[in-house]
Number of protein chains: 2
Amino acid sequence: MALEHAILVSLAERSATGYDLARRFDASIGHFWKATHQQVYKVLARMQEQGWVDVEQVAQAGRPDRKVHRITAAGRDELRRWSAEPIGPEVLRSSFAVALRGLPNVDQDALLAHVRARRDEHAATLEAYEKDMARTFPDPDALDEAALGPYLVLRGGILTEAAGLQWCKETLARLEAR
Amino acid sequence: MALEHAILVSLAERSATGYDLARRFDASIGHFWKATHQQVYKVLARMQEQGWVDVEQVAQAGRPDRKVHRITAAGRDELRRWSAEPIGPEVLRSSFAVALRGLPNVDQDALLAHVRARRDEHAATLEAYEKDMARTFPDPDALDEAALGPYLVLRGGILTEAAGLQWCKETLARLEAR
DNA sequence: ACCTACTATGCAACGAGTTGCATGTGCAAG
DNA sequence: CTTGCACATGCAACTCGTTGCATAGTAGGT
């Protein structure tokens, strides 16, 4: 499993509550790793037992205490240990590709609508990433240590979205040409 | 879940045993959907109960009977019904991106080695896809009904691999420049 | 002669991930 | 004044997916 490690990376950037982490997994980190809040809370509890994080309880009025999780030295060790391990094969699951492959056996109109929707999503995401890139890394040739990782990941997001968009466009052209 | 549907698509192309399907999930279909043989057998049993496939038992000497699964009319209906449903968000889980994002906190040498290995894998897969493309679809402007789906999926594979390769190259250039 | 891989099925135990529910306040929009 | 969203935690039940094991003959390499 690697949700642990995604959380460790995130906590190494900045300490956070489970709630904060869950939101990060809906936003920036969510571009390459998804997790729900239930999962995050469960895993955080386990990580605490293992001593990878420790918790500072912050009382609040009218709502549950914030439990701010901070990465420990053991957590950093684990991150370094994990990063030296061979990376397992990336999980690939594209129901879009499944539907395309089954072209003669699926609902053609629905498929066409799916492709269009997907094209628009890729276009929107790509645009958002490019804006983010321009805002956060205005000068990509002058990045400090802390910025390089996030920059490279965002670059990956842009390349991935551009490829997805291109795929949709070609697919649409083919389907519409029939 | 959509493993059912990936199997239905595969069986619509050609009837098969669980063993055959498992191998397809290691090869062509595996480019966009992974599944182990244990999973395939389990799901096939369920699909049979639901009446989406039926099974012809073929006796063999010295090894278990082959159970050839064929898609039924109900299976085809299910495929059409499923394809009209909204597609859920694609699952994204890239431990590579996690490691990159955590750049300052990971083992730098190991990461560099991972990126190189990944670059080589993408290059090899891309080359294999392109050969497959040249062999299977020598004239992409003259595709019949049955070929279009597989063609488009392969195109998607090529675009995806090319993007991954590009990402690795840029990443390497950045990491090596430090 | 031995070891490995291929064919072909499947169970059992476990770990990962999803869905649904529960609780309770404060604040803003309609 | 009511509806809904943001904050903040978490349990329970379930399904999905992985890992390890079991069986058993045949073919091919060292």
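Predicted model, so just to flag it, every value in this text is computed and none were measured. Atoms considered below: every heavy atom in the structure, side chains included; atoms not considered: hydrogens, waters and symmetry mates. Here is the naming used below: chain letters follow the sequence lines, and residue numbers restart at 1 for every chain.
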Subject >> Gap between atoms CD and P, on A:Gln39 and C:dG20 respectively (whole Å) >> reply: 16 Å
Subject >> Residue A:Arg93, side-chain atoms from C-beta onward, closest of D:dG17, D:dT19, C:dT7 >> reply: D:dG17
Original post:
Once you round it to whole Å, what is the distance between P of D:dA8 and CD of A:Gln57?
Top reply: 13 Å
**OP:** Check the hydrophobic clustering (I, L, V, M, F, W, Y; side-chain heavy atoms under 4.5 Å; chains of links allowed) and say if A:Leu154 and B:Leu172 are grouped together.
**Re:** yes
**OP:** Spell out, yes or no, whether B:Val98 and B:Val91 are grouped together once hydrophobic residues are joined by side-chain heavy atoms under 4.5 Å, including indirect joins.
**Re:** no
Original post:
According to a strict under-4.0 Å criterion, is B:Thr17 in side-chain N/O contact with OP1 or OP2 of C:dT9?
Top reply: yes
Subject >> Residue met sooner reading DNA chain D from 5', once B:Gln38 and A:Asp65 are mapped to nucleotides >> reply: A:Asp65
Original post:
Just to confirm, is there a sub-4.0 Å distance from OP1 or OP2 of D:dG10 to any side-chain nitrogen or oxygen of A:Lys67?
Top reply: yes
Subject >> Separation of C:dT7 P from B:Arg24 CZ (nearest whole Å) >> reply: 14 Å
Original post:
How about A:His31 and A:Tyr129: are their ring centroids closer than 6.0 Å?
Top reply: yes
Subject >> B:Tyr19 side-chain N/O to C:dT7 phosphate OP1/OP2 under 4.0 Å >> reply: yes
Original post:
What's the CG-C1' distance between B:Leu44 and C:dA8, to the nearest Å?
Top reply: 13 Å
Original post:
Within this structure, what is the CG-to-C1' distance between B:Leu3 and D:dT15, rounded to whole angstrom?
Top reply: 13 Å
Original post:
Rounded to whole angstroms, how far apart are NE2 on B:His37 and C1' on D:dA22?
Top reply: 10 Å
Original post:
Mapping B:Val91 and B:Asp20 to their closest nucleotides on DNA chain C, which lands nearer the 5' end?
Top reply: B:Asp20
Original post:
Does the distance from a Lys or Arg side-chain N to an Asp or Glu carboxylate O, for A:Arg118 and B:Glu90, drop under 4.0 Å?
Top reply: yes
Original post:
Taking atom C1' of D:dG17 as reference, at what distance in whole Å does atom OH of B:Tyr41 sit?
Top reply: 17 Å
Subject >> Verdict with reasoning, B:Arg24 to B:Ser10, per side chain to side chain donor-acceptor pair (under 3.5 Å) >> reply: CA-CA 8 Å; B:Arg24 291 185 199 168; B:Ser10 192; 2.8 Å; yes
Original post:
Looking at D:dT18, does its base get a donor-acceptor pair with the side chain of B:Lys42 below 3.5 Å?
Top reply: yes
**OP:** Kindly say whether, by distance alone, the side chain of A:Gln60 makes a donor-acceptor pair under 3.5 Å with the base of C:dG26?
**Re:** no
Original post:
Nearest to the side chain of B:Arg23 - C:dT7, C:dA8, D:dT18?
Top reply: C:dT7
**OP:** Check the distance between C:dG17's P and A:Ile7's CD1 and give it to me in whole angstrom.
**Re:** 11 Å
